[in-house]
Each structure stands twice: as structure tokens, then as C-alpha cells.
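Below, chain A is the first sequence line, B the second, and so on; all start at residue 1. For the numbers below, each heavy atom of this structure counts, side chains included, while hydrogens, waters and symmetry mates do not.
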Amino acid sequence: MKFDIFADLSWRGLIHQSTDDANLPTWLDQPRTVYIGFDPTADSLHVGSLMQLMLLRRFQNAGHRPIALVGGATGMIGDPSGKSAERNLLTVDTLRANVVGLESQMRRFLDFEAGENGALLVNNFDWMRKFSYLDFLRDVGKNFPVNVMLAKDSVKGRLERSDAGLSYTEFSYMLLQAYDFAYLNEMHGCELQIGGSDQWGNITAGIDLARRMRRVQLYGITSPLLTDSEGKKIGKTEGGTKVWLSSERTSPYLFYQYWINMPDDDAGTCLRFLTELPREEIEALDQARRDEPQRRESQRRLAEEITRLVHGTEGLAAAQGATQVFFGGEISGLADHELIEIFPDVPSTTIPKTDLGGEGLGILDALASAGLAKSKGEARRSVQQGGIYVNNRRVTDPEKRLTAADLASETVIVLRSGKKRYALLRCLG
RNA sequence: GGGGGGAUUCCCGAGCGGUCAAAGGGGUCAGACUGUAAAUCUGAUGGCUACGCCUUCACAGGUUCGAAUCCUGUUCCCCCCA
């Protein structure tokens with residue numbers, strides 16, 4: 001195989017630890033089968049999973065066969081790694097629905113039809129459900145020395161805390177994940193498991209188990225956690241809401257904006273971890289970021305690459321189109337459908353058309369009913385402080401009344417509070 | 001079981017009979033600056049039919065012209081002793 005994936009991952013900084021630094025590069029000269037597990041805690045993946053998805057994609061592009069494992073069974077238990085407290089268990093129905101949601105998103109990243117190295121999607125519920133408790137204890141549990149289990153960071157950390165316990169259920173989690181690896185090795189010849197750095201214990205548990213059960217040598221690689229320059233996990237907006245991959249939960253526009261707003265210090269890491277741009281280009285961007293940070297070339301490329309991958313060319317185009325309007329000048333002379341396409345995730349409120357007749361609708365009432373202000377008092381303050389815009393034109397008079405003259409299109413008035421918060425007012429009837 | 005302390009507006013935390021919609025900080029929102037950044041600075045931050053009115057200081061009563069502040073009971077929290 002011509003492409004040295006190990007070297008590529010190394011310079012990108014994607015390798016935190018591996019079970020065999022010396023031999024893995026040559027071992028990967030042959031096509032291998034590699035797996036990463038995903039937790040079905042929601043019906044969509046979020047930005048936090050991007051790095052893992054990209055890792056699988058990178059391996060596939062390098063000629064290896066990726067397996068995405070959805071943890072329908074393990075999700076029922078809950079991984080204690082990195083969790084400070086016992087997890088709430090998800091119901092079977094929720095899990096099933098979540099698994100379906102994740103599958104469709106995986107297809108954006110992996111090619112399932114590629115023949116030899118076509119991606120595989122598996123759900124560990126399919127094989128775990130058949131196990132009886134006794135069988136599991138005899139076949140799998142027997143291979144786990146408790147003293148080794150106790151030494152794992154995930155377990156040790158929890159036992160040392162006086163305020164959070166660890167149930168037998170969660171304690172058993174690593175057996176399940178370990179068995180997954182052994183099972184995938186048996187059924188699909190999978191030999192390499194990748195995970196975040198917090199997965200090291202679970203991965204090595206799988207390697208040990210496979211050695212005992214099947215006398216084979218498997219490998220593991222962990223990636224660093226994707227954190228920002230302050231050490232917080234990447235994937236949440238300033239407001240603390242997660243950035244999801246599904247357009248229902250996070251619109252392409254907001255998704256695109258999330259990357260556009262990435263701080264300089266984190267842009268380089270994200271480019272390396274989350275895009276497939278070649279080394280020369282990323283290094284050129286590093287340089288550009290130092291020389292002309294105000295151009296934000298890195299953020300633009302980052303947003304472009306990731307948005308295109310997650311939402312497709314159309315999604316990217318929509319996001320960029322919306323960006324132009326959002327950060328452009330006055331809004332007028334547009335058609336209804338254009339506005340509504342541009343502002344897909346902007347909340348819209350419908351008011352009767354008659355409100356605009358006569359004296360018109362008070363701006364304060366409009367803001368409050370559109371949800372841009374919690375109360376009319378708050379709306380008044382915003383106006384007085386110069387933070388309110390109608391069709392992107394500042395309004396300073398709290399007594400202003402909206403009339404038909406303020407329509408940006410046939411039926412829509414665009415309200416804005418501050419720099420970025422928009423709301424549409426649709427006047428129908 | 002005995003003793004003590006506490007519950008204040010989004011959060012922390014002052015206030016201990018009127019001058020209290022309640023200090024200060026955090027957060028949040030807005031403005032300026034800027035790179036749709038960071039930092040910084042400024043203003044705002046219970047509601048309303050808005051120079052006035054209404055509802056807030058755990059809950060329910062009471063004392064008083066007047067209570068977040070005093071009294072009684074209830075609930076919850078914390079600490080100390082057993």
C-alpha cells in the first residue's frame with residue numbers, strides 16, 4: 001500500500017498512544033480491518049464524534065476496511081470511562097431509534113459499497129442479546145482477572161471518589177467492549193481498534209481477551225481528545241448547546257458558523273484532526289494564520305471542508321448563502337421563499353396581516369412575541385441601547401411601529417437583536 | 001436523640017424595621033473597539049397600560065403606620081455532640 005497512514009496520522013497529531021509504535025506502520029502496509037465504537041446516546045452524532053468518523057474514513061481511504069460499531073448493547077450499560085457518576089440507563093426503544101439515526105449519518109463519511117474494503121456497520125446488540133448470563137460468565141468473564149480490572153483508570157478513578165459509586169453493571173462494561181473486539185476479530189477479521197484516549201483501558205482489555213480466547217495478537221490506537229485551547233471539549237457553542245451533525249438539530253448554517261467562529265489557537269488542530277487537507281495546505285494555512293489572522297483563511301477552509309462533508313455541497317451552499325445575507329447590509333427586495341431558505345433555523349412567528357394596518361404593530365410587542373426579548377421591558381432596553389434591527393437596519397425609537405412598509409419580502413419582516421440573533425415575522429391572513 | 005446555623009432576585013453573596021426591586025461579584029444581554037475573534041471599556045439586567053403602578057427575599061400565619069429584616073408554625077439544607 002503506497003499511502004503511509006500511520007505517518008499521516010502521526011503528523012496530524014492523531015495518535016495519542018498505540019500498542020505497537022514500532023511495528024504498526026509496516027503492519028498497516030497490508031489491508032486491515034479496523035473498528036471504532038460509537039455510543040448511541042442520542043439519535044444523532046455530534047461534533048465530538050467527528051474525529052472518530054474521520055479516522056475511519058482515513059483508514060478506508062488508505063485501503064483498509066472500516067467497521068463502525070454502534071453500541072446498542074453497551075449503550076444499555078454505560079461506559080464509566082471519563083464519567084464521574086453512574087449513568088442513567090437508556091431504554092431499549094430509545095436505543096433502537098438512536099441506532100437508526102446514527103446509521104444514516106455514518107453513510108456520509110464511509111463508503112459501504114466499496115467492495116473489498118467497503119465499510120461495515122454493526123450493532124453489538126445483535127450478538128450480545130443472544131448471550132445468556134451463565135454463558136457470558138463462563139466464556140468471557142473467566143478471562144478477566146479482577147485485579148487487572150480494578151487497575152484500569154476508569155474503574156480506579158471512580159472507586160477513589162467518595163461521592164460517586166460504581167455499580168456492578170458499569171464495572172462489567174469493559175467486558176462487553178472487550179468481547180466486541182474479540183467477536184469482530186472472529187467474524188470479520190478485525191485486528192485494530194481505535195478510540196479516544198479514554199478508551200485505552202477498554203481497548204487493551206479487548207486485546208487481552210482475544211489473546212486468551214483466540215490466541216491472536218490484536219492492536220489498538222487511541223486518539224487525543226479534541227479539546228480547545230482551554231482544555232474544554234470541542235463541540236459546544238458558547239451557549240453550551242451541542243453542535244450536532246443532523247440538520248434537524250443543528251442547521252447547516254449554524255454548523256458552518258460554528259467552525260467559522262473557531263478561535264485561531266484551535267483552528268490548526270481542527271484542520272489536522274477533522275479535515276483531509278494535505279499537509280502542505282494545512283501548513284500554508286498555519287502560516288497565513290500567523291501573518292494575516294484577520295483574513296481567517298483557516299476558519300473558512302475548516303468550515304467549508306467539514307460542512308461539505310456533513311451536509312453535502314447543497315448544505316454548504318445554503319450555509320454560505322445565509323452567511324452572506326446575515327453579515328451583509330440591509331435586507332429588502334427579496335422574495336418570501338428566498339428569505340425562508342436563507343433563515344432556515346431562525347425562529348419565525350406568524351402574526352395576522354391586519355396587525356400591520358392602521359397604526360401598525362409596536363416594535364416592543366413584535367420583539368417579545370418573536371422571542372427576541374423575554375419581556376417588553378427587555379425589548380425596550382435593547383432598542384434604547386441600539387441593539388435592535390429591522391431588516392438589518394438599526395431601530396432606535398422604542399415607540400416605532402411596524403407597518404406594511406417594513407416588509408422585507410411579500411410577508412416577512414426580519415428582526416434582529418444584537419449581532420447574530422434573528423427572528424422572522426410572517427404576516428399572513 | 002441533643003445542640004447550633006441557614007434558606008435573598010439566573011448563580012454566589014450582602015442586607016437584619018422605613019432612604020430596598022434589594023450592595024458586590026459571576027453569568028447573561030446590548031453598545032464601542034475588532035477579524036462574525038480574544039482581550040478591554042461602557043451600559044443594562046423582576047413585570048407593566050412606565051417620572052407612576054404591580055409582584056418578589058423558602059412556605060403559611062402574626063406583630064407594626066410600615067417587614068427581606070421581629071414573632072409563631074411548616075418544609076428543606078448544613079454543622080457539632082451522642
Between [M] and [N] - [atom1] atom distance, rounded Å:
N: rC10(B); M: rA22(B); atom1: C1'; value: 16 Å
N: rC65(B); M: rC80(B); atom1: C1'; value: 43 Å
N: rC20(B); M: rA67(B); atom1: P; value: 15 Å
N: rA23(B); M: rU64(B); atom1: P; value: 31 Å
N: rC79(B); M: rG18(B); atom1: C1'; value: 35 Å
N: rG52(B); M: rU42(B); atom1: P; value: 29 Å
N: rU9(B); M: rU69(B); atom1: P; value: 14 Å
N: rC57(B); M: rC70(B); atom1: C1'; value: 16 Å

Do [Y] and [X] meet the salt-bridge criterion of a basic N to acidic O distance under 4.0 Å?
X: Glu304(A); Y: Arg300(A); answer: no
X: Arg296(A); Y: Asp264(A); answer: no
X: Arg301(A); Y: Glu297(A); answer: no
X: Arg290(A); Y: Asp286(A); answer: no

Taking any strand in view, what nucleotide pairs with [N] in a Watson-Crick or G-U wobble way, both distances under 3.5 Å?
N: rG43(B); result: rC29(B)
N: rA68(B); result: none
N: rG1(B); result: rC81(B)
N: rC51(B); result: none
N: rU63(B); result: none

Which of the following nucleotides, [options], is nearest to the side chain of [X]?
X: Lys376(A); options: rC33(B), rC48(B), rU36(B); value: rC48(B)
X: Gln385(A); options: rG43(B), rG35(B), rG31(B); value: rG43(B)
X: Arg381(A); options: rA32(B), rU36(B), rU45(B); value: rU45(B)
X: Ile260(A); options: rU36(B), rA44(B), rG31(B); value: rU36(B)

Below 4.0 angstrom from OP1 or OP2 of [N], is there any side-chain N or O of [X]?
X: Arg296(A); N: rU36(B); value: yes
X: Tyr258(A); N: rA37(B); value: no
X: Lys420(A); N: rA30(B); value: no
X: Ser375(A); N: rC48(B); value: yes
X: Lys374(A); N: rG46(B); value: no

Within the modelled atom types, does a donor on one side and an acceptor on the other bring the side chain of Gln299(A) and the base of rU36(B) under 3.5 Å apart?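 Checked by distance alone, the answer is no.
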Separation of atom CZ in Arg380(A) from atom P in rG52(B), rounded to whole Å: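 The distance from CZ of Arg380(A) to P of rG52(B) comes to 15 Å, rounded to the nearest Å.
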Figure out the CZ/P separation between Arg416(A) and rC29(B), and round it to whole Å.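 Taking atom P of rC29(B) as the reference, CZ of Arg416(A) is at 15 Å.
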Please work out whether the ring planes of Tyr219(A) and Trp27(A) are parallel, tilted or perpendicular, with thresholds of 30° and 60°.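 Ring orientation of Tyr219(A) relative to Trp27(A): tilted.
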Parallel under 30°, tilted from 30 to 60°, perpendicular over 60°: which one fits the rings of Trp259(A) and Phe255(A)?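 Answer is perpendicular, since the angle exceeds 60°.
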Need one value for [X]: base, sugar-phosphate or nothing, where a base atom within 4.0 Å counts as base even if backbone is also close, heavy atoms only.
X: Ser417(A); result: sugar-phosphate
X: Pro263(A); result: nothing
X: Arg295(A); result: nothing
X: Tyr389(A); result: sugar-phosphate
X: Arg300(A); result: nothing
X: Gln257(A); result: base

On RNA chain B, does the nearest nucleotide to Arg394(A) precede the nearest nucleotide to Gly377(A) from the 5' side, or the other way round? Give the residue.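 Of the two residues, Arg394(A) wins.
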Looking at Thr275(A) and Ile306(A), what are the two nearest heavy atoms and their distance?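 Closest approach of Thr275(A) to Ile306(A): CG2-CG1, 4.3 Å.
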Is the glycosidic angle of rC57(B) within 90° of 0, making it syn, or outside that range, making it anti?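 Here the answer is anti: the torsion falls beyond 90° from 0.
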